[in-house]
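Just below is one structure, and these are the notes that go with it.
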Amino acid sequence: MRDYNFQEIEKKWQQRWFDEKTYKVVEDESRKKFYVLNMFPYPSGAGLHVGHPLGYIASDIYARYKRQQGYNVLNPMGYDAYGLPAEQHAIKTGQHPEISTFQNIDRYRQQLDKIGFSFDWDREVRTCTPDYYKWTQWAFVKMFNSFFCNKEQKAMPIEILVEHFEKEGTGDWDLACSEPMSFGADEWNSWDDKRKSEVLMNYRLAFLGETMVNWCPQLGTVLANDEVVNGVSERGGYPVEQKRMRQWCLRVSAYSQRLLDGLDTIDWSESIKETQRNWIGRSEGAEVQIRVEGSDVVFTIFTTRADTMFGVTFFVLAPESELVDVVTTADKRAEVDEYLRYVKSRTERERMIDHTVTGVFSGAYGINPITGESCPIYISEYVLAGYGTGAIMAVPAHDSRDYAFAKHFNLPIIPLVEGADVSSESYDAKEGTVMNSPVSPERCVAYDGESLCLNGLSVKEAIAETKRFVAAHNLGRVKVNYRLRDAIFSRQRYWGEPFPVYYKDGVPTMIPEHCLPVELPEVERFLPTESGEPPLGNAQVWAWDEVEERIVDKALIDEERVFPLELCTMPGFAGSSAYYLRYMDPKDDEALVSDTAASYWQSVDLYVGGSEHATGHLIYSRFWNKFLFDLGVSKCEEPFRKLVNQGMIQGWSSFVFRLRGKDTYVSYDLLEVKYDDAAKKNRFFYEGSEADPVYTDISTVGGGKVLDVEMFRQWMPEFRNAEMVLNAEGQYIVYQAIEKMSKSKYNVVNPDDICERYGADTLRLYEMFLGPIEQAKPWDVAGIDGCHRFLKKLWQLYWDKEGNLAVTDSEPSAESMRSLHKLIKKVSEDIESFSYNTSISAFMVAVNELTAQRCRDRVVLEGLVELIAPFAPHIAEELWHAMGHGSSVCDAPWPVFEERYMVESSVKLGVQFNGKVRFAMDFAADASPEDMVALAMAAPEAQKYLEGKQVVKTIAIPKRIVNIVVK
RNA sequence: GCCCAGAUGGUGGAAUCGGUAGACACGAGGGACUUAAAAUCCCUUGGCCAUUGCGGCCGUACGGGUUCGAGUCCCGUUCCGGGCACCA
C-alpha cells in the first residue's frame with residue numbers, strides 16, 4: 001500500500017505550478033475565451049478564514065473545468081486595498097497604511113497559495129498602487145468631461161454640449177442634470193468662464209454638488225447611501241446626520257433606466273435583481289404645477305396617483321425644500337422656524353423609527369389646477385426633500401400617510417373610489433371605480449373648453465386619462481422618477497485615491513490626462529487638520545503648478561500658476577468599479593485596457609461573490625461600465641454576464657459564564673436562563689447571582705461543547721486563576737451560538753489549519769460538499785472526515801499492495817465504463833449548474849462502485865482523474881503524472897459523455913397499483929407499454945392486488961413507471 | 001406595509017421533466033481486527049406496529065384542490081430568512 005501523503009503531494013505541485021507558471025494566460029484569438037472572476041478581497045488584518053475561499057473554490061472549479069474543455073480561461077485575483085481599517089490602524093500606530101496593507105496582502109497570498117487556486121498572479125492588481133489608480137483617476141476625469149443625453153440615453157463629450165449652448169442655449173435638449181435650467185445662446189455667450197463652469201457643473205457626470213449628504217461625525221467623513229444601514233454607518237455603527245455639503249458626486253441617476261433595463265439581459269439570481277430594482281425604484285407618474293394663491297409663486301408636485309387630484313385637500317412641502325421660505329406667510333414665520341429647528345434636531349435614525357405625525361401650516365394656499373380650489377400648504381418631515389420635487393399633493397382618502405396627517409390636523413377627507421370605506425383608514429389600492437371626480441360640474445376647471453371627468457372609469461384608466469389631460473393642457477407633464485440618487489464621491493479620508501483636481505480661482509479644474517496619476521502625498525498625521533480640513537490638508541507638497549505640470553510645495557501657491565489641490569479622496573467603490581477591465585490588460589501604460597484585450601475578453605462570464613454588494617459595488621460597477629461602454633473602452637453594456645452569490649460561512653461562537661464581579665465561571669447547564677423582555681435577550685443566573693456571557697476561543701472547546709479548562713486558563717492571562725464550577729460529570733459546558741465569523745468573536749476557523757491537518761484537496765471538497773453554494777451555513781468541522789476518507793479511497797484505486805501503480809491497459813468492463821459515464825454526465829451537468837455538493841456525492845458513489853468492481857483499467861481511471869481534477873487538483877496532478885503524462889492535468893481534456901455506455905438490457909421499475917408502489921421488477925429496456933403492463937399483471941406479487949378487482953386503467957411509461965388502476 | 005426566496009430524518013442535504021422520498025456525508029447504535037488506542041472494514045439507522053417469517057400503516061410546515069400518481073403544479077394559512085420602506 002502506498003500512503004496518501006497529501007502534504008508532500010500538495011507542496012510539490014504548488015511549487016511546480018508556481019515555477020512553471022502553469023496558470024499564466026495570454027490572449028489567443030484562435031481559442032474561445034472564458035472569463036471567471038471573484039470579488040477581490042479587502043486584505044484585513046485578521047487574515048483569511050474558511051468563509052473566504054468558498055467562492056474562490058467554486059469559481060476555481062469552474063475555471064479549471066472550462067480550461068479542460070479547451071477554453072482560454074482568465075481567472076485573475078487582486079486586492080481591494082484602500083479602506084477604513086488600514087487608515088484607523090495607521091491613526092492608532094502612526095504606521096503608514098501602505099505598510100500594514102502590504103503585510104496583510106502577503107499573508108493573504110500565502111494562505112491562498114496553500115489552497116491550490118489556478119489564478120494567474122501575473123495579472124494581480126492592487127487598487128492602491130499608482131499604476132492602477134491612474135485609471136481610476138482617468139475615468140473620473142472622463143466623467144467630469146461628459147454629460148448625459150436623455151434622448152440618446154448615453155454619455156457624450158462636454159464639448160458637444162458647450163457647442164450646443166453657444167448656438168442654441170439649452171434649446172430642446174433633454175439632459176441629465178442636478179437642477180433643470182433654461183437659457184438662450186445669447187445669455188450663455190454673455191457669461192464669463194466662471195459662470196459657464198458653474199452652469200456646466202449642472203450637467204457633468206462627475207460634478208461638484210451642493211447636496212444633502214450623510215455625515216458621520218465619528219468617522220469624520222460623508223458616506224454613500226449604501227454605506228448607511230438603518231440610520232447608522234455600516235462600518236462601526238455610528239450615528240449619521242443629514243448635512244448640506246459641497247461634494248464630488250457621480251451622476252449615477254442618469255443611468256437609472258439603463259441600469260434597470262440591463263437587469264433583464266443578465267443571468268443573475270432573481271432576488272439580487274429584485275434588490276437592485278427596489279434600489280433604483282422606478283415610478284411612473286405626473287408632475288403638476290401648483291400656483292400659490294395670491295402670488296406668482298408656482299411649485300411642482302409629483303404623484304403616481306394623478307387620478308386622485310379631485311381628492312386633494314392640502315399640499316405638503318419637505319422641511320428642507322427651498323419653497324418653505326418662499327411660501328411661509330409673515331404671521332406663521334415664527335411657528336415654521338420653530339418646526340424647522342425641531343426637524344433639524346432629529347437624527348436620521350430617530351426619523352426612521354419614530355413615525356408620529358408632525359407638521360406646521362405655512363399660512364399659504366395652493367390652487368388645484370383641476371378643481372380651481374385652494375388648499376392649505378403644510379410643512380412636514382414625512383415628505384422627503386430628496387425624492388420627486390420635495391412637494392406633494394395630499395389625498396388623505398387614498399394614501400395612508402396623508403390620512404394620518406389629515407386626521408391629526410383635522411383636514412377634510414374626500415373618498416374617490418366607489419365602495420371605499422375611509423372612516424377609519426385610507427383606501428390605498430389602485431383598484432375600483434372612480435367617483436366624486438368631480439363631485440359636481442362646477443367644481444371643475446375647463447381648459448380650452450375641455451374639463452376633466454373621471455367618474456365611472458377604473459382607477460388605472462383614470463390615471464392614464466389625467467396624465468393625458470395634464471400634458472395636453474400644459475398643467476404639468478408625465479414624469480418617471482427614480483429613487484436611485486447620485487453617488488457622493490468625496491471622502492474626508494487619507495487612505496484612498498486622490499482626486500486629479502485643483503482649484504483655480506475656486507473653479508475646479510482637472511489635471512491633464514498625460515500628468516496622471518496624481519500620487520497620494522505623504523502626511524505627518526492621518527487625522528483631520530486642526531482647522532477641520534481632511535487629512536490631506538496635512539500634506540506639505542500638495543499644490544499644482546500649472547506651467548510645469550507637477551505637484552509642488554503648498555508654500556508656492558500664488559494666483560498665476562500654482563493652485564491648491566483637492567483635499568478629499570475617493571470612496572472605496574472607486575477602485576473596485578472597473579478592476580475587471582484592468583485584469584484584461586494589467587500592465588498597460590497607455591490605456592485602462594487596450595482595445596485588443598477588451599475586444600478579446602469582452603466581459604466577465606462568471607462573477608462570484610457575496611450578495612451584500614447588491615446595492616453598492618454591483619450598482620456602481622454596472623454604472624461605471626456603462627459609462628466606459630459609451631466611451632468605447634468597455635465592449636459590453638453589462639460587465640458581469642452571470643453572477644453567483646456564495647452564502648456566508650458562519651462560525652460557532654462559544655461562551656463561558658462569569659459570575660458578576662467574581663473570577664468564577666459556571667458551566668452552562670447549571671445556569672438558570674431567564675428571558676428579559678425589556679432588553680430582548682436572555683439573562684443567566686446561578687444561585688441567585690447573575691452570570692455574564694464571555695466569549696471563549698473555539699479552540700478551547702472540544703466536541704459536545706465541553707471546555708478544555710486547562711487550555712482556557714492558558715488562552716488569556718485574565719483567565720489564569722479562573723475558578724471553574726463544573727457539572728455533575730465534572731465537565732464545563734459552554735453555550736454556543738451561530739454568528740458571523742469575526743476576530744472579536746473568537747470563532748474564526750482558519751483554512752491553514754485545515755490544510756495542515758487534512759490537505760487542500762480535502763478542504764476544497766469539503767467546502768463544496770457543505771451544501772448549496774448560495775446558502776449561508778455554519779462551519780462544522782465534523783463532516784470533513786468523510787471527504788478525507790473519500791480521497792484516500794480514490795487514491796487506493798491506483799496502487800497495489802506493494803505500492804506500485806496498479807493501472808493496466810486491459811479492456812475495461814462494461815460496468816466500469818457505465819460507472820464512469822454516469823459520472824461524466826452527472827458531474828458535467830452539476831458543474832454547469834453550480835451543484836458541486838451533489839457532484840461530490842456522485843464521485844463518492846463512483847469510487848465505491850469502481851472499488852467493488854476491482855477496476856484497474858487505464859481508460860476508466862484516467863477518466864476519473866480528469867473529472868476530479870477541477871475539484872482536487874493536487875491529487876489529480878499526482879495520479880496523472882504517475883500514469884505517465886508529462887503535461888499538467890489542468891490541460892487534460894474534459895471527458896465526453898457517450899450514451900452507448902449507458903445502455904442497459906433491463907431496467908428495474910416500481911410497479912404501482914392505484915398510484916402506490918407495491919413491488920419492483922425488471923423490464924426489458926425497450927419494452928413497449930403494453931408488454932410492461934402484461935408482465936406486471938402476470939407477476940406473482942401482483943395477484944393479491946388484482947384479486948376480485950377490475951382493471952380500470954393502465955399507465956406505462958417505458959423507463960419510468962407502470963401503474964395499474966383497479967377497483 | 002410592499003417585494004423576493006425558503007420550510008424534507010438526530011444533523012448538512014439529495015430527488016434537475018409530476019413517476020420507488022430520504023442519494024451522499026456526518027452523528028448514533030452494534031460487530032470484526034487489536035493487549036489497547038488510532039486507523040480500517042462490515043451491519044443497523046424517518047416514525048409506528050410486526051419482528052421464528054419474508055410484512056403493514058403513516059410520513060416532505062399546515063389545510064384544501066388538480067392528477068392514475070404531488071416534496072414537485074394550483075388556492076389558502078403559519079413560520080423562518082433576505083431586500084426595500086413616511087419614495088407620494
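In what follows, every chain begins at residue 1, and chains take the letters A, B, ... in the order their sequences are listed. Side chains are part of it too, since the values below use all heavy atoms of this structure and drop only hydrogens, waters and symmetry mates.
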Which part of the nucleic acid, if any, lies within contact of [X], taking any heavy atom under 4.0 Å across all strands shown: a base, the sugar-phosphate backbone alone, or nothing?
| X | answer |
| --- | --- |
| Val383(A) | base |
| Ile955(A) | base |
| Lys273(A) | nothing |
| Ile957(A) | base |
| Lys826(A) | base |
| Asp830(A) | base |
| Gln912(A) | base |
| Pro772(A) | sugar-phosphate |

Exercise for review: Tell me which of Arg918(A) and Asp785(A) sits closer to the 5' end of RNA chain B, going by the nucleotide each one is nearest to.
Suggested key: Asp785(A)
Point to revise | Residue whose nearest RNA chain B nucleotide is more 5′ - Arg305(A) or Glu829(A) | key: Glu829(A)
Review point. Which glycosidic conformation, syn or anti, is assigned to rC48(B) if syn requires a torsion within 90° of zero?
Key: anti
**Study point:** Protein-nucleotide distance (Phe919(A), atom CZ; rG19(B), atom P), rounded to Å
**Key:**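 To the nearest whole Å, that distance equals 20 Å.
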Practice item. Could you check if a side-chain atom of Tyr836(A) sits within less than 4.5 angstrom of a side-chain atom of Ile831(A), using non-hydrogen atoms only? Key: yes
Using atom [atom1] of each nucleotide, how far apart are [N] and [M] to the nearest Å?
| N | M | atom1 | answer |
| --- | --- | --- | --- |
| rA23(B) | rG10(B) | P | 14 Å |
| rG47(B) | rG83(B) | C1' | 39 Å |
| rG22(B) | rC33(B) | C1' | 33 Å |
| rA28(B) | rC80(B) | C1' | 28 Å |
| rU78(B) | rC62(B) | C1' | 7 Å |

Point to revise | Electrostatic pair Glu270(A):Arg277(A) at N-O distance under 4.0 angstrom | key: yes
Review point. Parallel under 30°, tilted from 30 to 60°, perpendicular over 60°: which one fits the rings of Phe409(A) and Phe405(A)?
Key: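 Geometry flag for Phe405(A) against Phe409(A): tilted rings.
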Check your understanding: Taking the six-membered ring of Phe897(A), is the NZ or CZ of Lys825(A) close enough (under 6.0 Å from the centre) and on axis enough (within 45°)?
Key ->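 Here Lys825(A) passes the 6.0 Å and 45° test against Phe897(A).
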